[in-house]
Amino acid sequence: MQEFDQTVTIGATVPTGFELTAAEEVQEKLDATARVSKNRGRIYFDITTDKLAKVHHLKSLDNLFVVVKEYDNYQFKDTKEEVELDWLELAAKLPWTNALEVWKLNNSIRKRKGRRKRANPTKSDQCGNVSTSCTDTVLSDPEELWVDLEALEVKENQRDVSPQPENDSEEDKLSEIQDQESGVMPLKFRVTCNRAGDKHCFTSNDAARDFGGAVQEFFQWKADMTKFDVEVLLNIHNNEVVIGIALTVESLHRRNITHFGPTTLRSTLAYGMLRLCKPQVSDVIVDPMCGTGAIPLEGAMEWQNSFFLAGDNNGIAVSRSVNNIKHILKRTHDGGSSSGLPLDIVQWDLCNLPMRSSSVDIIITDMPFGKRMGSKKKNWELYPLCLREMARVCKPGTGKAVLLTQDKKCFSKAMLQMGGLWRKSHTVWVNVGGLHAGVFVLKRTAVVFGSTSEDVTEPHTATEPQKENTEDASL
């Protein structure tokens, strides 16, 4: 297949809250300006098709798709019947050709890289960090429903409603693409709909079913929910509508981790946290609660002129981290690289780190939320001790910490106790598995450890009655 060189619009899902961080990476590595969607968790950018392979190597992006058409202010009809007819007309007049050419080019790129066996996608992979348990009237939680179009029956009185394409050559080109890809067999497809807004007269199910039927009517493709060739995306946010074709089979965050734990952090979220740190050459970066090693692995692969030290008090977690490192080293060795990773893994007590005081430039970690790991009660004691020990090893005046937690009450209480040692710079609010969490960016004050009341004695922890009252208030 001859590659073509033209400008196309690429859409990408990113960890919710890290849209601007992802846009910075796109600008830095592709020299392209990304715009953030009104719907959180998505960005769009224009590239020439010769850069398509580079897009797959971006670390901030979860899922990719090529945009067929964008509508900033789509005027939906007032009734379901009118909307259904509207979808039929829309499918017939959309400019599908260039998007399908990009889809073909993307397939050839993936084949050259060695296509991995396709795993059945999970709901979390497809919708990123957005919960799918929303109702149609909730604006902040977009719906995502997969519709089995094999059960679709197009009514007889609607078959003649769909108009002919505006340009006959468009349909001829599309037929040619189909013939090249699958010979005499029609392509298989499915429609995935993401919808947010409370002023629609239809549900995600309705939109996917009706638009899917229109696509099937126009292309004569065969619907298949699991063994599809083409995934058509219909993204609706209030009056903003984006139609696209998926370029990723599974989320790009599944790139480094092979041994998972109960709370393994997504690689894309780990990368976003690392970019907030702005690591510099020769920086010593520590993850004191590394779990399966998602953060230090991501950092060691991207910032190879810094040194990463990670550890955990759980031996099983340390073993998983070691196995993940071995997997990466084997993969890089098989790819022809003989270099290692600037990374060490240690089993330690995070409240008594085996490190000299004022020896660390950056501390970055995913703290226990108190749900699947630990408990809210334990966090009341753990968080102040953690911040105290982090302050000891971090360089006064220049040190930084980037900490992820959903237990905001415990963290705020710990920060009040350690106010002389840490100052909060800013917070990035993110969605982690449906939980509203914060990435807190802290700066180490110039106060020398051992000279304040916070670090001379053990940090004060809440009494049992205080903890019980706080826990009751959070219920």
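Computed from a predicted model, the values in this text were never measured in an experiment.
- Here W303 and F308 keep their ring centres 6.0 angstrom or further from each other.
- Taking the ring centroids of F76 and F202, they lie under the 6.0 Å cut-off.
- A salt bridge links E302 to K59: at least one charged side-chain nitrogen sits closer than 4.0 Å to a carboxylate oxygen.
- The residues D86 and K77 are annotated as salt-bridged, a charged nitrogen and a carboxylate oxygen being separated by less than 4.0 angstrom.
- Within a 6.0 Å radius of NZ in K69, no more than 12 heavy atoms belonging to other residues, nucleotides or ligands are found.
- Between F440 and W429, the angle of the ring planes goes over 60°, which puts this pair in the perpendicular group of the 30/60° scheme.
- Considering all non-hydrogen atoms of both residues, Y44 and G11 come closest at CD2-CA, 3.6 Å.
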| said: As a quick check of understanding, evaluate side chain to side chain donor-acceptor pair (under 3.5 Å) for T48 and D50, giving each step before the final call. | reply: CA-CA 5 Å; T48 52; D50 61 314; 2.3 Å; yes
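- Checked for salt-bridge contact, R266 and E298 miss the test: no charged N lies under 4.0 Å from a carboxylate O.
- Among I257, D287, I345, the one residue that satisfies the side-chain contact (heavy atoms from CB on, under 4.5 Å) test with S321 is I345.
- Among all heavy-atom pairs drawn from A437 and V432, the shortest one is CB-CG2, 4.1 Å.
- Remark: R190 does not engage D224 in a salt bridge, criterion side-chain N to carboxylate O under 4.0 Å.
- The existence of a salt bridge linking D31 and K51 is excluded, since no basic side-chain nitrogen approaches an acidic carboxylate oxygen closer than 4.0 Å.
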